[in-house]
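Note: hydrogens, waters and symmetry copies are ignored here, and every other heavy atom, side chains too, is used. Please read all numbers here as calculations on a predicted model, not as lab measurements. Just so we're on the same page: letters track the sequence lines, and every chain starts at 1.
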Amino acid sequence: MGDPFGMPITHGMVAGMGGIRTAGDLVMWMQMTRKMRLPEAKQYVAEKLKVAPLDLVDECVMRDVRQDLGIGTITAIAGVHRGIAAKRRIGELLGIEINSVNKMWHKS
Amino acid sequence: MEDILTRMGDGQRITMPASQVKAELLAGTKDAADRGKVPELTSSELKQLFEIIADKNRVVTVEPGEEIVLTDDLSCVRHSGDEGAAGGVGIPITRLQAILVHERSYAQDSAVFQVPYGSGGNIQRVKEKIEIDMQAHETVSLLATIPMFYTLAPAVLWYFRPSGPYKNPSDLLPRGKIREAQEASEKAAERLTEDVVYIGKKMYSIGCDAFNLDTSASGGDAEFYSNLNIVSKLKQAAPHMAIEMGMSGEFILGVHTEMTFDGQRLAGMYPHQQVKVAEAAGVDIFGPVINTKSSKSFAWNLARAVTFVKQTVAVSNIPVHVNAGMGVCSIPMHPTPPIDCVSRMAKAMVQIAKIDGL
């Protein structure tokens, strides 16, 4: 609780991995689906992406990695996977079950 | 050394000599150690905390490579809400737009789709309107790339009179009707469990990826018992839906006093004990809370919070995302939390308590 500047923006700037700007969402998926602790989750994601762990938070590396793999970019690029399409590719890349993909993508 | 610019737990700016800051840090860790029967911070950790507080910069940060992931409880209502419940800023945007802002403007690692703001958190009202949230959540999930949590506050108080059908323990206990109060708590807890499991199954059926039980145990041990049972049942019924349990306070209040889970009495538990029963229930991510004391200094509150959380992280086998909102874990109780304190709290929790997320 707290205003956006005081809470999510400050936490994001000070300590956050950066979501789809970098690889924060991918590490988040591993904590959620496999209960991985942070170091293990980072190592796992880095290996799947074939990058060094420090590259996971390097926006200059991750932007191109994300576009090439079709797992969503933070800036809006026409034709690049986002939303459910990106989540389907994230699930395949990380080897995890994503419920929204199971229920919504495969329904189509 | 000149006096250090810092704050009190209510956000008031003060200056404090270095010796007093160090004394406050020591007093804070001792208080936590005494109450929770956990180890105090070491002298090197206290020195590190002092350096974080004494840093002259407005905002401090973690080092590259130390970054953590973020979850929260208010993504979709923080913009449109009022100050009162959410620190809201009154921008009339939809829940969908708010989540996309969190994903693409704030670079958050996850977002929360929450019950309609006007429901007041009453689970019975949420259950009545769940079809509205089901289809709205589907729409958001199609567009959002980050994981989304469906959040609600599973509070037992809505099941007591005057809101609910069961007698209120706060009326019965002062009259010495202890067994009657316990029975009312047990029935309310059972109803709460049924209703939230119903909601969870409904959300799972449309593709919800994660469920967040927010402010767990706000109603005491009977509510904590219910929340743990909710997790157990949902992990069976919804195996691909992660569950985060965010607590409401540092200490489980003993309203019933004799509720147990996994053979352990719930009343009186501190975070390092709460996380073990949460693990046993099947929780995927645990969010401890340490209450900020507004009459104490930020330094006192920070050392105290880090002491509790460090032990919680040490004994946990699941990710720990410390609650980092206003009024908890040393962040001052103020609707516009001061970013100097917010940043210092985050840095201390990452570097000393070794959290998995905020």
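When B/N317, B/V350, B/V59 are compared by the number of non-hydrogen pairs under 4.5 Å with chain A, B/N317 comes out ahead. Chain A forms the most heavy-atom pairs under 4.5 Å with one residue out of B/A144, B/G65, B/P335, and that residue is B/A144. Interface remark: of the candidates B/G357, B/S316, B/A346, B/S316 forms the most heavy-atom pairs closer than 4.5 Å to chain A. Taking chain A as the reference chain and counting heavy-atom pairs below 4.5 Å, the highest number among B/I206, B/T61, B/D356 is found for B/D356. Taking chain A as the reference chain and counting heavy-atom pairs below 4.5 Å, the highest number among B/K347, B/K354, B/H321 is found for B/H321. Heavy-atom pairs under 4.5 Å with chain A peak, among B/A242, B/S110, B/P319, B/A324, at B/P319. Contacts with chain B were tallied for A/M17, A/M7, A/R37, A/E40; A/R37 has the most, counting heavy-atom pairs under 4.5 Å.
Heavy atoms closer than 4.5 Å to chain A are found nowhere in B/H137, neither backbone nor side chain. For a residue to count as touching a neighbouring chain, one of its non-hydrogen atoms must lie under 4.5 Å from one of that chain's; by this rule B/V60 touches chain A with the backbone only. Looking at B/L358, only its side chain comes within 4.5 Å of chain A, counting heavy atoms on both sides. Only the side chain of A/L54 comes within contact range of chain B, with at least one heavy atom under 4.5 Å from a heavy atom of that chain. Heavy atoms closer than 4.5 Å to chain B are found in the side chain of A/R21, but not in its backbone. Interface residue A/P8: backbone and side-chain heavy atoms are both found under 4.5 Å from chain B. Using a 4.5 Å cut-off between heavy atoms, B/Y204 touches chain A through backbone and side chain atoms alike. Using a 4.5 Å cut-off between heavy atoms, A/I71 contacts chain B through its backbone alone, with no side-chain atom that close. Heavy-atom distances place no part of B/H334 under 4.5 Å from chain A, backbone and side chain included. Residue contact with chain A, scored on non-hydrogen atoms closer than 4.5 Å, is absent for B/V328. For B/I285, the part lying near chain A is the side chain, with the backbone staying farther off; criterion is any non-hydrogen pair under 4.5 Å.
In summary, the side chains of A/E97 and A/N102 do present a donor paired with an acceptor at a separation below 3.5 Å, with no hydrogens or angles considered. For the residue pair B/Q351 / B/E66, a side-chain donor-acceptor distance below 3.5 Å is found, with atom types taken as modelled. Side chains of B/D73 and B/T151: no donor on one and acceptor on the other come within 3.5 Å. Between the side chains of A/R88 and A/H81, not a single donor N or O lies within less than 3.5 Å of an accepting N or O. Counted by atom type alone, B/Y150 and B/N212 present zero donor-acceptor pairs between their side chains at under 3.5 Å. Side chains of B/S141 and A/K87: a donor-acceptor N/O pair is present below 3.5 angstrom, by distance only.
With rounding to the nearest 0.5 angstrom, the CE atom of B/M245 is 7.5 Å from the CZ atom of B/F286. Between atom CE of residue B/M345 and atom CD1 of residue B/I52 there is a gap of 11.5 Å, rounded to the nearest 0.5 Å. Considering CH2 of A/W29 and CD1 of A/I96, their distance stands at 6.0 Å, rounded to 0.5 Å.
Of all heavy-atom pairs between B/L74 and B/Q114, the closest is CD2-NE2, 3.7 Å.
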Please step through side-chain contact (heavy atoms from CB on, under 4.5 Å) for the pair B/M349 and B/C329, ending with a clear verdict.
-> CA-CA 9 Å; B/M349 287 291 177; B/C329 291; 4.3 Å; yes
